[in-house]
Amino acid sequence: MKIIMKFGGSVIDDPLKIKRIVEIIESFKNTPDGKNDIICVVSALSKVTDKIISLADLIIKGNRNSIKNFVEEMQSDHIQLIENTITNEILQLEAKNIVKNITKEFQDILNGLALISEITPRSLDHILSFGERMMAPIISYSFRNSDLKSDYFTGKDIGIMTDSNFGEARPLMDTTKLRINSKITLLLQQDIIPVITGFIAADQHGRITTLGRSGSDYTATIIASCIQADEVYLWSDVDGLLTADPMIVNNAQILEEISFAEAAEMVLFGAKYIHPRALEPVMDSNIPLKIRNALNLSCKGTTITNELKPSDQIIKSIISIRGTALLDVSGGIMVGAPGTAAVIFNTLAKNKINIKMISQGPAESSISMILNKDDLGKAVTSLELKLLGKVIKHLNILEDVSIITVVGSGMRGIKGIAGKIFTSVSKENVNVIMIVQGSSELNLAFVIKDEDCEKVVRALHKEFNL
Ligand code: ASP
Ligand code: MG
């Protein structure tokens, strides 16, 4: 079997954790059923990407001293990790030299940027790549330290080519597939475990791009679909996807198995955040995706697959999304006027406001939207300036609302689910403000006051025996 193993920053940040990772790889490499080919993808150490992003400020201020301190600290964190992880002296020395050289390049680039006090999306992607670039050799040398053959690569080296949309680049799958296959096949033939930096790739001109925050998951699934892997494991420090937020429902359960479509409804909001586009490549190629906790191997985690075992579980999970606000725009002018919705959404889009939920009744006299609470002020101002008195007459807002989403592909075509949901909500004496169900019938979402969120989630969790 060909298995992709992606390790998140929270499970590679100390020597004991890396030791576990090596043991995991050893156990997957040689099983009683035979040998497997393993390909590893690694993230940067926890928080490193955030810290590099905050460097941008120092660059603009041209603050070279603080930049130097930052780089020295980053180097010493990684060197310390090597010293406490890689016991073979020769390997340890080699690994240290690699990290020192990468650090030197990092420092030179930062000095250059600080001299001109400028950071662009392109240069930001370039400096962001150093978090992952420092970790890949450390993990690869840890494998060598345990007599596993291994080598390390950047996403660019291994052949992931993207468009030039720096910060949120998309892979050009055909070229990527050709390149990755020729590189990885050769490595696997020699029994080498490639350790590849997650998150980073390169555009057609060879300039470094990143796939968006949490992009290492995406790297793993891109590679998996290119080489038609058998399985992808996302190892982090959470047990899996859950039936509800465990902070609200104390007996929330781990979902053993769910479909890609269901997972797509859940992964942005639960304990395990997965890059929103990361499911696509494996869903299309029908490769199971497993979420596992590297710090709790006794938990079998969640498998996301297209081939679910038959189950009579109609509802899988109750998702609660807090910190949202409702914005309702209305006015007689909107009725029967083609293009009204387009103008409203365009205005919001131009101001980079993301809309989470939309509804409009057939009378067309109002449109309700749910936004992040933090975006509300900006949304109201932009609509007032551009459209009030012209396209719309009134703007109403409701702060502090929650979206509750009931997820489960089993509800498709089944009668009475909505009845059950809303009876349960009304028994809690809670008012429903807005309702949306997509025609895929995979989820039913509704909005309530945030203060009612916890009791509604608990009631639904109980109602559906989750
Ligand atoms: N290091 C990147 C981030 O924090 C990518 C990843 O961790 O997946 O967003
Ligand atoms: Mg991360």
Side-chain angles (χ1 to χ4, degrees), residues 4-14 17-18 21 39-56 70-71 73-74 77-78 81 99 102-103 106 119 121-140 152-158 160 162 165-171 194-202 208-225 232-238 241 263 267-282 289-295 304:
I4 315 278
M5 298 278 201
K6 179 255 162 170
F7 296 100
S10 59
V11 295
I12 49 177
D13 57 1
D14 86 38
K17 291 185 191 170
I18 297 187
I21 303 301
I39 295 113
C40 275
V41 174
V42 291
S43 292
L45 288 182
S46 325
K47 310 264 172 11
V48 161
T49 307
D50 292 323
K51 287 187 197 159
I52 300 181
I53 289 176
S54 61
L55 263 186
F70 173 90
V71 177
E73 202 183 303
M74 187 161 157
D77 288 348
H78 287 82
L81 195 55
V99 165
I102 295 174
T103 317
F106 190 32
I119 186 104
R122 178 182 160 194
S123 54
L124 181 62
D125 270 5
H126 197 112
I127 61 171
L128 280 176
S129 71
F130 284 91
E132 269 73 11
R133 280 183 64 193
M134 284 192 199
M135 272 324 286
I138 299 182
I139 299 298
S140 181
Y152 63 96
F153 303 88
T154 64
K156 175 180 170 179
D157 299 334
I158 211 75
I160 304 180
T162 65
N165 185 17
F166 297 102
E168 231 10 277
R170 287 187 182 245
V195 178
I196 302 161
T197 60
F199 183 47
I200 58 181
I208 291 177
T209 54
T210 63
L211 303 170
R213 291 309 305 273
S214 290
S216 301
D217 298 334
Y218 199 14
T219 303
T221 60
I222 291 168
I223 296 175
S225 98
V232 181
Y233 284 77
L234 302 181
W235 295 93
S236 69
D237 59 353
V238 304
L241 300 180
V267 292
L268 297 185
F269 312 110
K272 171 66 187 152
Y273 175 90
I274 299 181
H275 188 295
R277 289 198 299 277
L279 297 180
E280 257 170 55
V282 274
L289 184 63
K290 302 193 174 225
I291 298 171
R292 292 287 306 268
N293 187 345
L295 312 180
I304 307 173

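The figures here come from the full heavy-atom set of this structure, side chains too, leaving out hydrogens, waters and symmetry mates. What you see is a predicted model; the values in this text were computed from it and never measured. Just follow the structure's listing: the first ligand is 1, and inside any ligand the first atom is 1.
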Euclidean distance, Asp217 CG relative to His275 NE2, rounded to 0.5 Å: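 Spacing of NE2 (His275) from CG (Asp217) equals 8.0 Å.
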
Nearest-0.5 Å distance that lies between atom OG in Ser216 and atom CG in Leu211: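 That separation rounds to 8.5 Å.
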
Short side-chain donor-acceptor distance under 3.5 Å, Asp125 and Thr210: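 Side chains of Thr210 and Asp125: pair found under 3.5 Å.
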
Heavy atom of [X] under 4.0 Å from ligand 1?
X	answer
Gly215	yes
Glu132	yes
Ser214	yes

Relative to the heavy atoms of [X], which atoms of ligand 1 are at a distance of less than 4.0 Å?
X	answer
Ser43	6 (C), 7 (O), 8 (O)
Arg213	3 (C), 4 (O), 9 (O)
Thr49	1 (N), 2 (C), 3 (C), 4 (O)

Check: Ser216 N/O within less than 3.5 Å of ligand 1 N/O: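 Min N/O separation from ligand 1 is below 3.5 Å for Ser216.
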
Geometric N/O contact Lys6 with ligand 1, under 3.5 angstrom: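 No; the residue has no nitrogen or oxygen that sits under 3.5 Å from a nitrogen or oxygen of the ligand.
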
Geometric class of the Tyr233/Trp235 ring pair [parallel <30°, tilted 30-60°, perpendicular >60°]: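 Because their plane-to-plane angle is under 30°, the rings of Trp235 and Tyr233 count as parallel.
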
Close side-chain approach of Met134 to Phe106, heavy-atom, < 4.5 Å: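 Of all side-chain heavy-atom pairs linking Phe106 with Met134, at least one is under 4.5 Å.
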
Listed partners of Glu168 passing salt bridge (charged side-chain N to carboxylate O under 4.0 Å, His left out), at least two apart: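 Listed in chain order: Arg277.
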
